[in-house]
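These notes are about the structure you will find just below.
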Amino acid sequence: MAAPPSFRLAYVPGVTPAKWVRIWRERLPDVALELVQVTAGEADGLLRERGADAGLVRLPVDRTVLSAIPLYEETTVVVCPKDHLVAATDEADEVSVEDIADEIVLHPLDDTLDWAAEGREGPPGMPAFERPATTGDAIELVAAGIGLLVVPQSLARLHHRKDLTYRTITGTPQSRVALAWPEEATTDLVEDFIGIVRGRTVNSSRGRRPEERAKDGAKGGAQGAAKSAKAGGAKAAGGSGQRKSRQQPQPGRQGQKAGGGRRTGGGAPKSGGRSGKPRRHS
């Protein structure tokens, strides 16, 4: 007996797939969706090795193997202790890279920001002696007063602590979240999930399973055939009525034929003898 269909979705820290998972379970209740949490650095390899059907990842990814649809960009923030000078900035205001130029800024090994795109080797400020292994480790060092940390806002929220806060910072790269999958494995279920993340409705002709599209297509074909048959029958009936009408004689002409044709004079017909005076015989 064949195993029931399933769909494995990988996601990196900071990304929340809950809304899309809920829609999936509403639309495809017969297909189990399994969530696989993976670090940003491991996401590419997991997808290449088919450890998941698709993944919510951070760009860039290996586009020679993976297809990707960018979904949104995240705001970049600087995380600091609540008693730090940066925290004195109003929450509605922004901090610039110049404001933290003299601060120690931690650079974790799993950093997801593309500093090279900004022409930098790493975050602004002064580097620490060592790079923390993870963003979670860097958060602990910020709480200990070792330095600051620049991350996407979702990661700042993920590692929230009561003794820390964050402010929006300008002049830094922004993390882009995308849906990625192996290009050679663009299955019908992948198309279904693409339709969900792009906001297509359940009645959309794209991003749906083949059996659903075939069912709709067969329904439409049957309706079209019925309309054609109905139109053909009406045309045939109309043609038959016209032929029948042409075959019926017109009353006026029929009367003329019955009367023997046109009459050229009045009175009785001629007897055939000659009229006038009789000849004299000698």
Side-chain angles (χ1 to χ4, degrees), residues 10-20 37-44 55-61 68-180 197:
Y11 69 102
V12 298
V15 176
T16 306
K19 177 181 70 173
W20 298 315
Q37 189 168 18
V38 62
T39 66
E42 297 170 340
D44 270 31
L56 297 168
V57 302
R58 296 187 185 276
L59 296 177
V61 295
I69 299 175
L71 300 178
Y72 58 89
E73 285 188 344
E74 283 199 65
T75 299
T76 305
V77 299
V78 54
V79 182
C80 62
K82 285 188 174 180
D83 58 355
H84 194 277
L85 182 61
V86 170
T89 306
D90 190 273
E91 291 186 8
D93 295 333
E94 297 175 336
V95 176
S96 68
V97 293
E98 289 78 14
D99 293 331
I100 61 172
D102 296 330
E103 301 285 346
I104 294 177
V105 180
L106 303 164
H107 189 197
L109 295 174
D110 65 351
D111 186 17
T112 60
L113 296 175
D114 187 7
W115 295 103
E118 299 291 324
R120 295 175 177 271
E121 294 183 0
M126 298 187 301
F129 290 110
E130 294 183 1
R131 294 183 62 181
T134 67
T135 298
D137 293 337
I139 290 289
E140 295 296 328
L141 295 176
V142 173
I146 303 299
L148 307 181
L149 177 65
V150 178
V151 291
Q153 187 175 23
S154 65
L155 291 181
R157 290 175 174 173
L158 178 65
H159 297 285
H160 171 72
R161 289 176 53 119
K162 293 182 179 180
D163 53 346
L164 299 181
T165 187
Y166 59 83
R167 295 291 184 270
T168 302
I169 185 169
T170 60
T172 59
Q174 292 181 306
S175 177
R176 294 183 298 159
V177 174
L179 174 66
V197 298

Mind checking the [atom1]-[atom2] spacing from [X] to [Y]? Nearest 0.5 Å is all I need.
| X | Y | atom1 | atom2 | answer |
| --- | --- | --- | --- | --- |
| Asp102 | Ile100 | CG | CD1 | 10.5 Å |
| Leu106 | Met126 | CG | CE | 11.5 Å |
| Glu103 | Leu85 | CD | CG | 7.5 Å |
| Tyr166 | Thr75 | OH | OG1 | 9.5 Å |
| Arg176 | Leu59 | CZ | CG | 5.0 Å |
| Trp20 | Leu179 | CH2 | CG | 8.0 Å |

Exercise for the section: Start with the C-alpha gap between Leu148 and Ile104, add the side-chain angles, then the distance that decides, and say whether side chain to side chain contact (heavy atoms under 4.5 Å, CB included) holds. Expected result: CA-CA 6 Å; Leu148 307 181; Ile104 294 177; over 6 Å; no

Student check: side-chain heavy atoms of [X] and [Y] closer than 4.5 Å:
| X | Y | result |
| --- | --- | --- |
| Val97 | Thr172 | yes |
| Val86 | Asp99 | no |
| Pro152 | Val177 | no |
| Thr76 | Val151 | no |
| Pro132 | Leu109 | no |

For residues [X] and [Y], report the shortest heavy-atom separation together with the two atoms involved.
| X | Y | result |
| --- | --- | --- |
| Val77 | Ala156 | CG2-CB, 3.8 Å |
| His159 | Gly136 | CE1-CA, 3.8 Å |
| Val57 | Ala180 | CG2-CB, 3.8 Å |
| Glu118 | Gly171 | OE1-O, 4.3 Å |
| Ala43 | Val12 | CB-CG1, 4.0 Å |
| Val142 | Pro81 | O-CG, 3.6 Å |

Practice task
Check whether the side chains of Asp110 and Thr135 place a donor and an acceptor atom closer than 3.5 Å, and report yes or no.
Solution key: yes

Problem - Ser175 and Arg58: side chain donor to acceptor below 3.5 Å - result: yes

Fill in the blank from the handout: The complete set of salt bridge (Lys or Arg N to Asp or Glu O under 4.0 Å) pairs with one or both residues in residues 135-161, sequence neighbours excluded, reads Glu140-Arg161, Arg161-Asp163

Fill in the blank from the handout: The complete set of salt bridge (Lys or Arg N to Asp or Glu O under 4.0 Å) pairs with one or both residues in residues 119-133, sequence neighbours excluded, reads none

Exercise for the section: Applying side chain to side chain contact (heavy atoms under 4.5 Å, CB included), run through Glu73 and Gln174 and close with a yes or a no. Expected result: CA-CA 6 Å; Glu73 285 188 344; Gln174 292 181 306; 3.0 Å; yes

Problem - side chain to side chain contact (heavy atoms under 4.5 Å, CB included) between Ser96 and Ile169, worked out - result: CA-CA 5 Å; Ser96 68; Ile169 185 169; 5.9 Å; no

Exercise for the section: Evaluate the criterion side chain to side chain contact (heavy atoms under 4.5 Å, CB included) for residue pair Val150 and Val105; output intermediate values, then yes/no. Expected result: CA-CA 7 Å; Val150 178; Val105 180; 4.1 Å; yes

Problem - Evaluation steps, side-chain hydrogen bond (donor to acceptor under 3.5 Å, both in side chains), between Glu94 and Thr168 - result: CA-CA 5 Å; Glu94 297 175 336; Thr168 302; 5.6 Å; no

Exercise for the section: Examine distances only and state if a side-chain atom of Lys19 and a backbone atom of Val197 form a donor-acceptor pair shorter than 3.5 Å. Expected result: no

Practice task
May I ask you to decide if Val79's main-chain N or O and Arg167's side chain share a donor-acceptor pair within less than 3.5 Å?
Solution key: no

Fill in the blank from the handout: side chain to side chain contact (heavy atoms under 4.5 Å, CB included) filter on Asp90, not counting sequence neighbours, yields Ala92, Asp93

